[in-house]
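Let me begin by presenting the structure, written as structure tokens, before commenting on it.
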Amino acid sequence: MKRKKIPHLLAIILMVMWSLSYLSIKVIVQEISPALSAFYRFAVAAVILFTVLKLKFPKEKILREDKFKLALGGLFGIAIYFIFENYSVAYTSASNVAILIASIPVFTLFSQRIIYKEKMTYGKFFGAILSLVGIIIIVASKESVNLFSKGNIGDLMALGAVFSWMIYNTVCSNFKGNYRSITISTYQIIWGSLFLSPSLFFNTVQMPSMKVVLNIVFLSIFCSCIGYVIYVYCLKELGTTVITTYINLQPIMSLIAAAIILNEVITIWQVMGCTIIIVGVTLVSFDGKFNFMKLKKV
């Protein structure tokens with residue numbers, strides 16, 4: 001029972017770190033281009049993770065048939081995803097990005113059903129839908145929502161991030177070999193850094209301010225090094241549908257952070273949205289315990 005609780009707890013901790021990452025990205029892209037800032041973030045993370053991996057697990061080897069999957073994971077889960085996300089944070093409203101990112105569990109639920117024939121229980125289905133409804137209530141209560149407006153490149157970038165993460169989850173949900181989470185994360189981040197490296201030649205490289213440097217360090221160590229190791233571990237322990245549903249907790253935590261740091265007022269609509277999201281996450285996370293499949297026989 002304890003083993004089952006650990007990945008759920010780690011998933012929540014991960015979402016706290018990732019919910020704060022939007023604030024850091026917003027600060028960084030004011031001085032550095034979105035693509036180049038992503039490269040800095042993951043280049044630092046790659047060096048740290050590779051050093052730790054070789055010191056602690058020097059004999060860890062990757063099977064030949066898994067090397068291509070790790071490269072694809074670096075391409076879709078790091079390079080493409082964060083180019084899309086960074087540009088979306090830079091160009092579109094926070095509400096639009098939050099709504100689109102929140103659609104990951106819904107799209108993932110159906111993609112897993114189609115590709116891997118994953119069971120579509122009532123708990124998973126209604127949990128994903130409730131989570132998405134809660135997100136819409138939260139962001140719609142803060143500012144006007146204008147999804148897919150004509151010429152809104154930022155919205156399209158956010159949608160690209162959604163589908164890129166779906167591909168990443170599909171590619172990395174299973175490997176031939178049995179690897180540690182840090183091993184998978186390290187090589188994916190190395191590949192991601194390599195795919196992002198051309199940004200050095202297409203952007204002006206300048207010395208960033210100390211504020212930007214500190215935010216890059218936060219993103220590299222906590223959101224990338226620690227974050228991806230936790231995510232890969234939770235992905236193996238909880239499955240794709242459950243871990244992606246936890247992504248819906250990010251706007252709740254961003255809301256709380258904004259209230260504490262920016263002194264924003266929390267409205268009844270935002271509280272209602274948070275409650276609905278928590279119910280949705282609970283339905284998906286404890287689907288097996290509640291055994292929602294029995295509802296079909298009623």
Side-chain angles (χ1 to χ4, degrees), residues 1-19 65-66 69-70 72-74 76-78 81 101-135 161-185 187-188 226-253 277-296:
M1 186 66 181
K2 183 179 179 182
R3 180 176 174 79
K4 284 294 181 181
K5 289 181 179 179
I6 291 175
H8 286 290
L9 177 61
L10 287 175
I12 294 174
I13 294 173
L14 174 61
M15 294 311 138
V16 172
M17 293 190 294
W18 281 1
S19 66
E65 51 265 50
D66 286 331
K69 274 192 172 185
L70 291 173
L72 286 179
F76 288 102
I78 294 172
Y81 177 85
I101 296 300
S103 67
I104 288 177
V106 177
F107 285 112
T108 299
L109 188 66
F110 292 105
S111 67
Q112 290 295 300
R113 170 63 178 170
I114 294 170
I115 298 173
Y116 294 114
K117 309 299 180 184
E118 185 175 302
K119 290 182 179 180
M120 180 76 76
T121 65
Y122 287 150
K124 288 179 180 178
F125 179 79
F126 287 115
I129 298 300
L130 278 176
S131 297
L132 183 56
V133 169
I135 291 290
V162 170
F163 285 99
S164 178
W165 196 256
M166 283 174 54
I167 296 172
Y168 169 74
N169 280 327
T170 301
V171 169
C172 300
S173 58
N174 57 79
F175 290 93
K176 292 286 186 182
N178 185 22
Y179 309 110
R180 294 177 174 86
S181 298
I182 188 174
T183 304
I184 298 172
S185 301
Y187 287 105
Q188 285 179 343
I226 299 174
Y228 269 78
V229 171
I230 292 176
Y231 188 85
V232 171
Y233 169 76
C234 292
L235 185 63
K236 291 192 294 184
E237 294 294 323
L238 301 177
T240 305
T241 301
V242 174
I243 187 58
T244 52
T245 303
Y246 270 108
I247 291 174
N248 286 341
L249 293 175
Q250 289 186 43
I252 300 176
M253 295 163 182
I277 292 170
I278 292 172
V279 171
V281 171
T282 302
L283 284 175
V284 174
S285 301
F286 296 96
D287 178 74
K289 184 176 180 180
F290 295 149
N291 199 8
F292 284 99
M293 287 300 291
K294 291 182 178 179
L295 290 173
K296 285 188 173 184

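As the structure is a computational prediction, the values presented were derived from the model and not from experiment.
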Spatial distance of atom [atom1] ([X]) from atom [atom2] ([Y]) [nearest 0.5 Å]:
| X | Y | atom1 | atom2 | answer |
| --- | --- | --- | --- | --- |
| Ile243 | His8 | CD1 | NE2 | 9.0 Å |
| Tyr246 | Ile13 | OH | CD1 | 11.0 Å |
| Asn174 | Lys69 | CG | NZ | 4.0 Å |
| Leu70 | Tyr179 | CG | OH | 7.0 Å |
| Asp66 | Thr183 | CG | OG1 | 11.5 Å |

Report the C-alpha separation of Leu14 and Met17 in whole Å, then their side-chain angles, then the decisive distance to 0.1 Å, and conclude whether the side chain to side chain contact (heavy atoms under 4.5 Å, CB included) test is met.
CA-CA 5 Å; Leu14 174 61; Met17 293 190 294; 4.2 Å; yes

Looking only at heavy atoms, the pair that brings Val171 and Gly73 closest together is CG1-N, 4.3 Å

Considering all heavy atoms, the nearest Cys234-Ala11 contact:
SG-N, 3.9 Å

Please examine the side chains of Phe76 and Thr170, heavy atoms only from C-beta on, and report whether any two atoms are closer than 4.5 Å.
no

Determine the interplanar angle of the Tyr228 and Trp165 rings, folded into 0 to 90°, and report it as parallel if under 30°, tilted if 30 to 60°, perpendicular if over 60°.
perpendicular

With a 3.5 Å distance limit and no angle check, can you tell me whether Lys236 reaches the backbone of Arg180 through a side-chain donor-acceptor pair?
no

Are the side chain of Ser181 and the backbone N or O of Ile230 linked by a donor-acceptor pair below 3.5 Å?
no

